[in-house]
There are 2 protein chains.
Amino acid sequence: MQKEIYGDILNKENLRITKSRQMVLDILKDSPPKSIDEIFMIAKERDAKVSISTIYRTCETLSQKGLLYKSNFVEDGKARYEYPGKQHKHHAVCMNCHNIISIDDCPFGEFDEVMKSKYHFDVKSHSIEIYGYCSDCKLKQPQ
Amino acid sequence: MQKEIYGDILNKENLRITKSRQMVLDILKDSPPKSIDEIFMIAKERDAKVSISTIYRTCETLSQKGLLYKSNFVEDGKARYEYPGKQHKHHAVCMNCHNIISIDDCPFGEFDEVMKSKYHFDVKSHSIEIYGYCSDCKLKQPQ
DNA sequence: TTAGATGCAAATGTTTTGCAGGGCT
DNA sequence: AGCCCTGCAAAACATTTGCATCTAA
């Protein structure tokens, strides 16, 4: 990992440029959402001296600044963090192998308008999770 | 609470008709999703002698049988359970007061087809959560 | 009668926090 | 130098589980 990688975006949020933060961002860049222990494990593989509480704090800080996106859509009681791509994304979770596929398309469309007119609700964001079977697991599905 | 209420649906799933199960179903019927401790508190108010581990076990059993729907979309680390209505539903969570509004409409539409053709993913279900401000809280929202 | 349900307490697993020491600016 | 960040261990929560007792069928 180079020296000042991610320095610009960290600076912009008034966050100090530390190894932990650079590493977390680097692990999550171009990756599907990962849980704290997954991130921690990868950090260890990279031979980084970091504690799991730092991973917790780092992810929390980065997500509060909008540099990571936090979600809870895998029903295993673990939060997951993701590097926000250039574009809006959703996820499809395979009910068999639990792999996560990123989806570029979004079915939400003009639904903001429905929410406003019908429910008087001012939409700020939304999340859509899709559950089913990926191509590899289709044959193994129950029934 | 009458004697054999919910007896039919419990029987159909080969579950014994117990006070705890009847009560949990009764608390959740016609209610927005509730967490374990909310359900437990309401049970106590109803003067029921039940332990929180029974609430956990009851909710888990009922949701495995499809009599309740379990979700994790409120980002406070607590699972929530809901009585599945006659129809498919989504939720809008107010970012200020944290109230949950049930939404009858669904923007998902024919997206199953996109998932199949473009991602080779066999959709079984989906969940959509909408975040923003309810009519009461619109004025209080930041910026 | 008996398999299944519950209560209680202890165990587990995830996430948060206090505090002392270390690193970024 | 000064404040923020980190490590470590303990604490705080949410959830699960073992076992003895109870209860619906």
Side-chain angles (χ1 to χ4, degrees), chain A residues 1-25 33-41 43-44 46-65 67-68 70-81, chain B residues 1-25 33-41 43-44 46-65 67-68 70-81:
Chain A
M1 190 157 44
Q2 305 126 41
K3 196 148 193 311
E4 282 293 280
I5 196 170
Y6 304 108
D8 46 347
I9 66 173
L10 287 169
N11 269 327
K12 195 175 297 172
E13 298 297 335
N14 281 95
L15 293 175
R16 292 192 176 168
I17 302 167
T18 67
K19 283 180 187 165
S20 314
R21 286 171 183 166
Q22 291 174 304
M23 185 176 52
V24 167
L25 288 170
K34 286 194 173 11
S35 61
I36 295 292
D37 52 305
E38 287 171 330
I39 298 169
F40 183 58
M41 224 149 33
K44 285 296 176 192
R46 292 191 184 187
D47 212 38
K49 289 163 200 51
V50 68
S51 74
I52 197 160
S53 56
T54 296
I55 305 285
Y56 271 105
R57 279 191 272 228
T58 298
C59 288
E60 192 53 33
T61 303
L62 294 177
S63 80
Q64 275 176 8
K65 294 291 190 174
L67 301 182
L68 289 181
K70 178 180 184 176
S71 62
N72 262 77
F73 63 86
V74 185
E75 309 276 315
D76 62 356
K78 296 180 185 178
R80 277 171 174 72
Y81 294 86
Chain B
M1 188 156 45
Q2 307 125 39
K3 196 146 192 313
E4 282 293 282
I5 197 170
Y6 303 107
D8 46 348
I9 66 173
L10 287 170
N11 267 329
K12 195 176 298 174
E13 297 297 334
N14 281 95
L15 293 175
R16 290 192 179 173
I17 302 166
T18 68
K19 282 179 187 164
S20 314
R21 287 171 182 166
Q22 290 173 305
M23 186 176 51
V24 167
L25 289 169
K34 286 193 172 12
S35 61
I36 294 292
D37 51 306
E38 288 170 330
I39 297 168
F40 184 58
M41 225 150 31
K44 285 295 175 192
R46 294 191 183 185
D47 212 39
K49 290 162 200 52
V50 68
S51 74
I52 197 161
S53 58
T54 296
I55 304 286
Y56 272 104
R57 278 192 272 226
T58 299
C59 287
E60 192 53 34
T61 302
L62 294 177
S63 81
Q64 276 177 8
K65 294 292 190 174
L67 301 180
L68 290 180
K70 179 180 186 177
S71 63
N72 263 76
F73 62 86
V74 184
E75 309 276 316
D76 63 353
K78 296 180 186 177
R80 277 170 175 72
Y81 293 87

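The chains referred to below are lettered A, B, ... by the order of the sequence lines, with proteins before strands, and numbering in each begins at 1.
- Evaluation of the salt bridge (charged side-chain N to carboxylate O under 4.0 Å, His left out) rule for Lys44(A) yields no partner, not counting sequence neighbours.
- A distance of 10.5 Å separates OG of Ser71(A) from CG of Asn72(B), quoted to the nearest 0.5 Å.
- Between the NZ atom of Lys65(B) and the CZ atom of Arg21(B) there is a distance of 9.0 Å, given to the nearest 0.5 Å.
- Qualifying side-chain hydrogen bond (donor to acceptor under 3.5 Å, both in side chains) partners for Asp76(B), counting only residues two or more places apart in sequence or in other chains: Arg80(B).
- Across all strands shown, Ser20(A) has heavy atoms under 4.0 Å from sugar-phosphate atoms exclusively, and none from any base.
- In this structure, the NZ atom of Lys70(B) is 11 Å from the C1' atom of dA14(D), given to the nearest Å.
- Atom-to-atom, CD1 of Ile52(A) to C1' of dA9(D) comes out at 14 Å; the value is rounded to the nearest Å.
- From Thr61(A), atom OG1 reaches atom CZ of Arg16(A) across 13.0 Å, with rounding to the nearest 0.5 Å.
- Taken from CD in Gln64(B) to CD in Glu13(B), the straight-line distance is 11.5 Å, to the nearest 0.5 Å.
- The stretch residues 53-60 of chain B comes close to DNA chain C through Ser53(B), Thr54(B), Arg57(B), Thr58(B), each having a heavy atom under 4.0 Å from the strand.
- Going from atom CD of Glu13(B) over to atom P of dA5(C) covers 13 Å, rounded to whole Å.
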Distance-only check: which donor-acceptor pairs under 3.5 Å involve side-chain atoms of residues 50-57 of chain A, not counting sequence neighbours?
from, atom 1, to, atom 2, distance (Å)
Ser51(A), OG, Ser53(A), OG, 3.2
Ser51(A), OG, Thr54(A), N, 3.4
Ser51(A), OG, Thr54(A), OG1, 3.2

Nucleotide N/O to protein N/O under 3.5 Å, stretch nucleotides 21-25 of chain D:
from, atom 1, to, atom 2, distance (Å)
dA24(D), N3, Arg16(B), NH1, 3.4
dA25(D), OP1, Ile17(B), N, 3.0

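- Ser35(B) comes within 4.0 angstrom of no nucleic acid atom, judged by non-hydrogen atoms across all strands.
- Regarding Asn72(B), its CG atom lies at a distance of 11 Å from the P atom of dT15(C), rounded to whole Å.
- Rounded to an integer number of Å, the gap from CG of Asp76(B) to P of dT16(C) is 11 Å.
- In this view, Lys78(A) and Asp37(A) satisfy the side-chain hydrogen bond (donor to acceptor under 3.5 Å, both in side chains) rule, not counting sequence neighbours.
- For Ile17(A) against Gly7(A), the heavy-atom pair with the smallest separation is CD1-CA, 3.7 Å.
- Not counting sequence neighbours, the partners of Glu38(A) by the side-chain hydrogen bond (donor to acceptor under 3.5 Å, both in side chains) test are Ser35(A).
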Using a cut-off of under 3.5 Å, enumerate the N/O to N/O pairs linking the protein to nucleotides 10-12 of chain D.
none

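- Computed from coordinates, the Arg80(B) CZ to dT15(D) C1' distance equals 15 Å when rounded to whole Å.
- Met23(A) places its CE atom 13 Å from the C1' atom of dG7(D), with the value rounded to the nearest Å.
- Each end of the helix from dT1(C)-dA25(D) to dT25(C)-dA1(D) gets its own axis from five base pairs, and the two axes differ in direction by 40°, given to 10 degrees.
- Note: CG (Asp37(B)) to C1' (dT16(D)) measures 16 Å, nearest angstrom.
- For the side chain to side chain contact (heavy atoms under 4.5 Å, CB included) test, residues two or more places apart in sequence or in another chain that qualify with Ser63(B) are Glu60(B), Leu68(B), Lys70(B), Tyr81(B).
- In this structure, OG1 on Thr58(B) lies 11.5 Å from CG on Leu67(B), to the nearest 0.5 angstrom.
- Using a 4.5 Å cut-off on side-chain heavy atoms (C-beta onward), Leu10(B) and Leu25(B) make contact.
- Distance check: Ile9(A) CD1 to Leu62(A) CG gives 8.0 Å after rounding to the nearest 0.5 Å.
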